[in-house]
Amino acid sequence: MKFGGSSVANAERVMNVARIVTDSYAEGNDVVVVVSAQGDTTDELIEKAKEINPNANKRELDMLMTAGEQISISLLSMAIEKLGYKATSLLGWQAGFNTNSVHGSARIKKIDTSRIKQELAKKNIVVVAGFQGLNKYDDLTTLGRGGSDTSAVAIAAAMHADRCKIYTDVDGVYTADPRKVKRAIKLDEITYDEMLELATLGAQVLNNRSVEMAKKYNVVIEVLSSLERLPGTLVKESVKMEKMLVRGVTADKNVARISIIGVPNIPGIAYKIFGKLAAKNINVDIILQSVGRNDTKDITFTISSDKSDEALEVLKELDFLEGRPIECDNENVAKVSVVGAGMETHPGVAAKMFEALFEADINIQMISTSEIKISVLIDKKDADEAVTAVHDAFMPEDN
Ligand code: ADP
Ligand code: ASP
Ligand code: MG
């Protein structure tokens with residue numbers, strides 16, 4: 001079971017979680033619980049760091065951020081104890097999380113489950129700090145924002161758990177963010193591939209790496225509410241075929257667009273630009289290259305906006321870019337996407353999306369497609385309106 005920040009935001013919510021956990025234990029289950037930092041704690045810790053040093057080194061940022069989850073695990077264990085059950089809290093390293101050394105977005109390499117198993121054998125409820133691990137130098141690492149989901153799936157996989165239940169502040173995965181799109185529909189089931197696209201393209205409800213891991217180890221995830229006892233959404237390999245062409249619509253506002261104008265029209269330019277970015281772990285998303293004209297061409301691409309300063313630094317090191325204008329917009333763009341396995345076999349999905357945007361008078365800057373998704377880059381101020389317009393164009397009205 002995993003509980004996100006809003007589910008443990010205050011004492012009352014922590015007690016509520018303790019009740020859900022102990023009810024499951026009382027039914028005869030061995031329970032491992034993963035928790036996130038309370039409420040906005042992680043954001044507040046990042047703000048504290050910025051006040052002191054906006055360029056703080058990533059090892060120290062990890063040292064700071066891991067503190068949030070330490071508070072939650074101890075409080076939840078105390079709450080469980082208060083209800084008359086035995087609990088042990090474990091930090092990521094105590095729970096056996098070994099990660100690589102990419103501070104701020106470390107990947108789990110291995111989980112040594114021996115301590116978790118020992119505690120379960122003693123009939124304890126085990127409460128594990130999400131989002132954190134230890135690298136080979138014994139330094140604390142974090143798994144990237146929203147990483148507690150990944151901690152939970154990783155434990156479920158390593159322990160061959162029967163279930164991985166991710167409790168949050170909505171009662172499942174919807175066809176769009178239910179807080180923003182009135183007509184969003186709750187899904188009973190969604191495939192790993194569709195959920196992976198949605199999560200990667202901005203649907204915050206699950207972290208994308210958690211879905212990637214669930215797919216790899218065939219862990220069925222249930223996303224459900226910590227506030228209402230309702231069935232949630234199952235994320236799994238295959239789902240009943242429904243008449244649904246599009247499974248979800250989402251926006252990602254953490255996007256920057258970088259344009260390099262007039263690069264030489266010769267072989268190897270794209271390789272050098274994107275090779276350098278890759279070497280710095282900067283993930284490139286949409287890439288657009290113009291047809292070469294007068295010995296030059298333009299290359300435009302998108303990355304996540306928090307990587308834009310780093311990317312510009314990297315580009316400065318390329319001698320053939322010296323003196324060429326590089327434009328970077330890391331404030332005013334957003335990416336809106338539709339996702340659905342159904343579109344692979346149905347023509348017209350792109351046209352319908354573009355029509356909905358046209359009717360809302362929204363201009364498209366870039367387009368990219370794959371088998372199961374279509375993304376457009378647009379003005380950030382139009383993002384919410386675009387999601388609703390595109391969503392409502394695809395979803396039946398009577399829901
Ligand atoms: P937690 O703190 O539990 O990890 P998050 O805030 O990370 O919770 O994720 C839950 C939020 O994701 C919801 O409050 C909702 O606004 C948002 N969200 C975005 N897209 C979707 C979607 N397609 N379905 C459900 N929730 C979504
Ligand atoms: N507390 C971390 C974050 O805010 C991890 C998580 O919530 O999953 O990103
Ligand atoms: Mg989350």
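When a ligand or atom number is given, it counts from 1 through the structure's own listing order. Sequence positions, counted from 1, serve as the residue numbers for this chain.
In terms of polar-atom proximity, defined here as any N/O pair under 3.5 Å, Y174 does make such a contact with ligand 1. Considering both main-chain and side-chain atoms, R179 comes within under 3.5 Å of ligand 1 through a nitrogen or oxygen pair.
The closest protein non-hydrogen atom to atom 11 (C) of ligand 1 is D169 OD1, 3.9 Å. Among protein heavy atoms, the minimum distance from atom 25 (C) of ligand 1 is reached at G172 O, 3.3 Å. Scanning the protein heavy atoms around atom 16 (O) of ligand 1, the nearest turns out to be D177 OD1, 2.8 Å. Looking only at heavy atoms of the protein, atom 4 (O) of ligand 1 is closest to K2 NZ, 3.2 Å.
Both the backbone and the side chain of Q204 come within 4.0 Å of ligand 1, judged by heavy-atom distances. The side chain of P178, and not its backbone, has at least one atom closer than 4.0 Å to an atom of ligand 1 (non-hydrogen atoms only; side chain from C-beta on). Only the side chain of V170 comes within 4.0 Å of ligand 1, counting heavy atoms alone; its backbone N, CA, C and O stay farther away.
Within the hydrophobic cluster formed by Ile, Leu, Val, Met, Phe, Trp and Tyr side chains joined at under 4.5 Å, directly or through other members, F301 is accompanied by I258, I260, V263, I266, I269, I273, F274, L277, I282, V284, I287, I299, I303, L312, V314, L315, L318, F320, L321, I326. Through direct or relayed side-chain contacts under 4.5 Å between Ile, Leu, Val, Met, Phe, Trp and Tyr, L377 connects to V255, I286, L288, V333, M366.
Here R59 contributes atom CZ and Y137 contributes atom OH; the two are 12.5 Å apart, rounded to the nearest 0.5 Å.
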